[in-house]
Amino acid sequence: MGLDYQQEQKRVNSVMETIKEEKNRLEEETSRRKHEVIDIRKHFWDEVKVNTDTFDDYLETIIGLRQEAQALSVSQSSHRHATKRLSQLHRMEEIPYFGRIDFTEKGSSTQEQIYIGISTLSDRSGDNFLIYDWRAPVSSVYYDYQPGPAKYDTPGGVIEGTLEKKWQYLIRRGELQSMFDTSLTIGDEILQQVLGKGTDKQMHNIVATIQQEQNRIIRHDQGRLLIVHGAAGSGKTSAAMQRIAYLLYKYRGHLNADQIILFSPNSMFSSYVSNVLPELGEDNMQQVTFQEYLMHRLDKDFQVENPYEQLEYALTAANTPSYSSRVQSMQFKASIHFFKSIQSYRQSLELSGMVFKNITFRAKPLVTAQQLTEQFYHYGTSLRFPNRLEKLKDWLLKKIKEVEKAERAKPWVQEEIELLSNEDYHKAHAFLAEKRGYQREAIADYEMEPKALAQLIVYQKLKPLRKRISSYQFIDFKGIYKQLFTDPLHINNWLEVDAPDEWASICQETLNMLDKNKLFYEDATPFLLLKELIQGFQINSSIKHIVVDEAQDYSPFQFEFLKRLFPATKMTVLGDFNQAIFTHASEQVNFDTLTSLYGPEKTELINISRSYRSTKPIIEFTRSLVPNGAQIIPFERDGERPALKKVTDYTELHDSIAEKVRALRQADYHSIAIICKSAEESYRAYESLAIIDGIKLLKTTSSEYEQGVVVVPSYLSKGIEFDAVIIYDASEHIYNDESLRRIFYTACTRAMHDLQLYSVGEPSKFMRDALWDGLVETC
């Protein structure tokens with residue numbers, strides 16, 4: 001071992017020297033390129049002789065402009081690539097590589113040593129690889145095989161051979177701290193070290209510890225849809241982030257970060273994962289929440305409830321009179337049945353039911369809604385629905401032209417002219433002069449005719465109306481959506497199943513909201529779908545891949561909508577049925593409906609059951625909370641058993657929590673979450689625990705994940721992990737309904753090293769099995 005270690009340290013030294021040399025060369029190049037870009041921008045017009053006297057002069061000017069623009073573009077691109085490579089080299093100085101495989105290709109007697117790191121590095125000649133990028137085809141052998149027969153895919157075909165040995169390295173800033181000859185997929189030694197660390201403010205890359213099942217997710221490249229179902233802490237999100245980096249590497253030149261969107265659960269989560277791709281030397285993809293997209297499309301017309309307001313209602317309003325009908329509304333409007341009923345309803349509008357708005361000008365109707373309806377249906381069904389709308393729009397614009405002519409001689413126009421300021425008058429004069437062909441220097445010679453000015457005034461006054469007509473704002477989308485609910489029996493015309501028992505109440509509540517220009521969250525996507533089906537989908541064909549995290553929180557309705565919104569995309573969705581906390585998922589939670597999105601032949605489902613986040617005792621406890629928990633396999637990392645403390649009142653609760661936080665801080669835990677069921681409970685807890693120094697309250701509006709001691713509602717903690725978790729009140733009083741089981745499970749699975757539960761009175765029945773089996777210590 002001693003000799004091997006010395007040889008390996010020598011190699012590390014040599015690699016570090018090569019990194020340093022390439023870094024120095026690139027620093028000089030980036031400095032030179034930067035000055036080139038600045039110089040070209042500064043003297044751009046000096047190098048171009050602008051002459052438009054003849055066609056040849058004009059052509060010469062255009063060619064000169066193009067050459068200068070091309071030179072600028074080349075310099076900017078070279079500077080960008082050099083800067084990106086420099087960023088990779090800085091990271092490689094920290095950790096140049098982490099693995100090695102000794103591989104003998106079939107038919108060859110030569111054993112090749114392949115070292116693997118976050119990026120490729122060649123020797124000075126450029127002919128030999130010192131380090132292979134973890135995404136390179138041959139690197140997959142490191143993640144997928146134990147010593148013995150092995151193979152990997154390349155663009156030229158499958159390469160077969162023998163994996164002789166596999167090594168792991170722990171290198172920090174040029175010092176080889178440890179190395180392992182391992183026959184495991186990834187040696188537990190390094191994974192134990194990584195998992196045993198405290199949490200950080202941001203998620204980091206996992207390239208040194210990717211497991212075989214995660215590698216399958218990362219390199220999967222068939223079909224349209226990849227569904228990843230995995231237990232809490234199984235590395236779904238981490239694998240998905242490395243997957244994006246892999247796709248950007250494999251399809252460089254054809255795919256860039258701007259063509260990928262991550263739909264994340266909230267802004268805080270977006271901040272949490274924002275570091276992973278830059279760590280791997282890639283640009284960040286676009287990140288958005290589904291709510292942000294809805295708001296972008298709807299907030300001009302409606303006040304839209306957000307998903308957490310909906311969830312907060314579900315968690316806190318159980319004793320209100322309309323609770324039952326509202327829960328049915330959430331479930332039904334999220335279903336595939338309602339999606340199909342919207343489609344059927346839209347089809348029925350071919351024959352009747354379109355609602356339009358009056359077209360008014362200066363408070364007088366130009367065309368009534370009734371006239372628009374008659375004109376639309378006058379065209380008949382021989383014309384396709386979109387063509388009829390287009391024809392109606394053209395008919396309206398023609399009417400506006402007629403109105404324009406008629407208005408010019410009316411008294412109000414003369415009044416407007418008299419009220420024009422000097423500045424506006426001169427602007428109108430210059431505009432009309434240029435329109436008549438006057439050169440800029442001869443504008444003063446133009447004598448403006450009163451008729452021309454009147455024509456311009458009327459044209460400008462009608463411009464907003466023409467714009468509204470061109471964007472189909474004469475359609476009353478709210479009125480059309482309302483028709484679904486005006487008569488509870490109407491839904492039977494478009495629904496293939498029975499409506500919910502409390503459909504009449506649902507209809508009335510929906511109408512009440514619409515009358516106030518508000519939308520329940522469960523109405524936002526259906527309303528938008530109906531609008532798109534009427535006026536034509538505003539599709540985005542430039543997006544090539546979307547990743548949907550916490551996919552169990554999306555309804556079938558929303559997935560169907562995303563499919564139509566991004567017709568050219570491939571999709572990766574990540575989820576855990578046991579964390580399906582939204583009301584629409586309360587009855588049946590699985591991805592069967594997703595399989596039908598693109599069809600079974602274009603869909604693959606990968607299940608990952610091993611959980612890495614928490615210690616073995618914590619996982620043994622949390623898996624006892626859910627019906628299928630036995631399928632969750634804990635990683636062998638020891639730790640303290642979760643503890644339950646029963647207290648008599650909230651004064652004792654708050655004193656106990658404060659004492660526990662002090663102990664956790666002394667144990668050097670940096671992130672401690674006090675998790676409550678709802679935002680309402682979180683606020684009360686935060687107020688009562690103000691005695692804890694530096695305590696923070698995380699809300700739905702929080703844009704960044706903060707370390708330290710935080711109070712957080714259960715649903716905002718999803719996707720994030722903490723060194724220690726305190727369940728604020730795990731009593732039967734708080735967690736008493738079966739619908740809350742998954743919320744409780746989600747909260748408990750956030751803990752990496754320490755889980756403490758408190759109960760004011762009797763503990764929740766969800767823990768009964770864990771208490772009986774001795775999985776939880778009671779104190």
Can you check side chain to side chain contact (heavy atoms under 4.5 Å, CB included) on Gln259 and His545, steps first, answer last? CA-CA 7 Å; Gln259 295 172 308; His545 206 105; over 6 Å; no
Does either side chain, that of [X] or that of [Y], offer a donor lying less than 3.5 Å from an acceptor on the other one?
X      : Y      : result
Asn578 : Asn628 : yes
Arg750 : Thr746 : no
Gln558 : Glu560 : no
Gln88  : Arg91  : no
Asn13  : Glu17  : no
Ser238 : Gln214 : no

Within-4.5 Å side-chain heavy-atom neighbours: [X] and [Y]:
X      : Y      : result
Leu775 : Arg641 : no
Asp773 : Ser624 : no
Ile95  : Ile118 : no
Gln113 : Arg100 : yes
Leu597 : Thr603 : no
Lys570 : Lys544 : no
Lys23  : His90  : yes
Arg742 : Gln552 : no

Quick check: closest heavy atoms across [X] and [Y], and the distance to 0.1 Å?
X      : Y      : answer
Tyr145 : Lys166 : O-NZ, 2.7 Å
His753 : Tyr669 : CB-OH, 3.5 Å
Ser614 : Ile619 : O-CD1, 3.4 Å
Ala257 : Leu248 : N-CD2, 3.6 Å
Ala240 : Val547 : CB-CG1, 4.2 Å
Ala231 : Asp576 : C-OD2, 3.9 Å

Is there a side chain to side chain donor-acceptor pair (under 3.5 Å) between Glu8 and Gln6? Walk through the geometry before answering. CA-CA 5 Å; Glu8 289 294 337; Gln6 288 175 9; over 6 Å; no
Side-chain donor or acceptor of [X] paired with backbone N/O of [Y] under 3.5 Å:
X      : Y      : value
Arg135 : Gln242 : no
Gln9   : Gly174 : yes
Ser609 : Ile633 : no
Ser671 : Asp723 : yes
Lys236 : Leu574 : no
Ser14  : Lys10  : no
Arg613 : Thr749 : yes
Arg124 : Thr18  : no

To the closest 0.5 Å, what do you measure between [atom1] ([X]) and [atom2] ([Y])?
X      : Y      : atom1 : atom2 : answer
Thr110 : Phe103 : OG1   : CZ    : 12.5 Å
Ser119 : Arg85  : OG    : CZ    : 4.0 Å
Ile632 : Arg610 : CD1   : CZ    : 12.5 Å
Asn256 : Ser542 : CG    : OG    : 9.5 Å
Leu755 : Ile618 : CG    : CD1   : 5.5 Å
Met285 : Leu262 : CE    : CG    : 5.0 Å

Crowding at CD, Gln286 (>12 non-hydrogen neighbours, <6.0 Å):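 Enclosed: over 12 neighbouring heavy atoms sit under 6.0 Å from CD of Gln286.
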Flag yes if more than 12 heavy atoms outside Tyr598 fall under 6.0 Å of its OH atom; otherwise flag no.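 Yes, enclosed.
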Take the angle between the ring planes of [X] and [Y] and call it parallel below 30°, perpendicular above 60°, tilted in between.
X      : Y      : value
Phe263 : Tyr554 : perpendicular
Trp167 : Tyr169 : parallel
Phe561 : Tyr293 : tilted
Tyr115 : Tyr97  : perpendicular

For Leu86 and Glu27, run side chain to side chain contact (heavy atoms under 4.5 Å, CB included): C-alpha distance rounded to whole Å, both residues' side-chain angles, the deciding distance at 0.1 Å, then the answer. CA-CA 7 Å; Leu86 257 179; Glu27 280 170 348; 3.8 Å; yes
Chi angles and distances behind the side chain to side chain contact (heavy atoms under 4.5 Å, CB included) call for Ile606, Glu213: CA-CA 8 Å; Ile606 296 177; Glu213 58 192 2; 5.8 Å; no
Verdict with reasoning, Lys718 to Asp553, per salt bridge (Lys or Arg N to Asp or Glu O under 4.0 Å): CA-CA 11 Å; Lys718 288 184 67 173; Asp553 293 342; 2.5 Å; yes
Check whether NZ of the Lys or CZ of the Arg Arg741 lies under 6.0 Å from the centre of the six-membered ring of Tyr745 and within 45 degrees of that ring's axis.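 No, Arg741 and Tyr745 do not form such a contact.
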Check step by step if side chain to side chain donor-acceptor pair (under 3.5 Å) holds for Arg219 and Ser140. CA-CA 9 Å; Arg219 295 172 188 261; Ser140 66; 4.5 Å; no
Could you give me the CA-CA distance, side-chain angles and deciding distance for Phe290 and Val548, then say whether side chain to side chain contact (heavy atoms under 4.5 Å, CB included) is met? CA-CA 10 Å; Phe290 193 74; Val548 181; over 6 Å; no
Could you please spell out the steps behind the salt bridge (Lys or Arg N to Asp or Glu O under 4.0 Å) verdict for Arg25 and Glu21? CA-CA 6 Å; Arg25 180 182 63 78; Glu21 287 174 9; over 6 Å; no
Indicate every side-chain donor-acceptor pair of residues 147-159 with a distance under 3.5 Å to a residue at least two apart or in another chain.
from: Thr154; atom 1: OG1; to: Gly156; atom 2: N; distance (Å): 3.2
from: Thr154; atom 1: OG1; to: Gly157; atom 2: N; distance (Å): 3.2
from: Thr154; atom 1: OG1; to: Gly157; atom 2: O; distance (Å): 2.7

Sole candidate of Met571, Arg243, Arg216 that passes side chain to side chain contact (heavy atoms under 4.5 Å, CB included) when paired with Leu226: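 Between Leu226 and the candidates, side chain to side chain contact (heavy atoms under 4.5 Å, CB included) is satisfied uniquely by Arg243.
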For Glu94 and Arg173: C-alpha separation, side-chain torsions, deciding distance, then whether salt bridge (Lys or Arg N to Asp or Glu O under 4.0 Å) applies. CA-CA 4 Å; Glu94 292 290 329; Arg173 295 202 67 81; 2.4 Å; yes
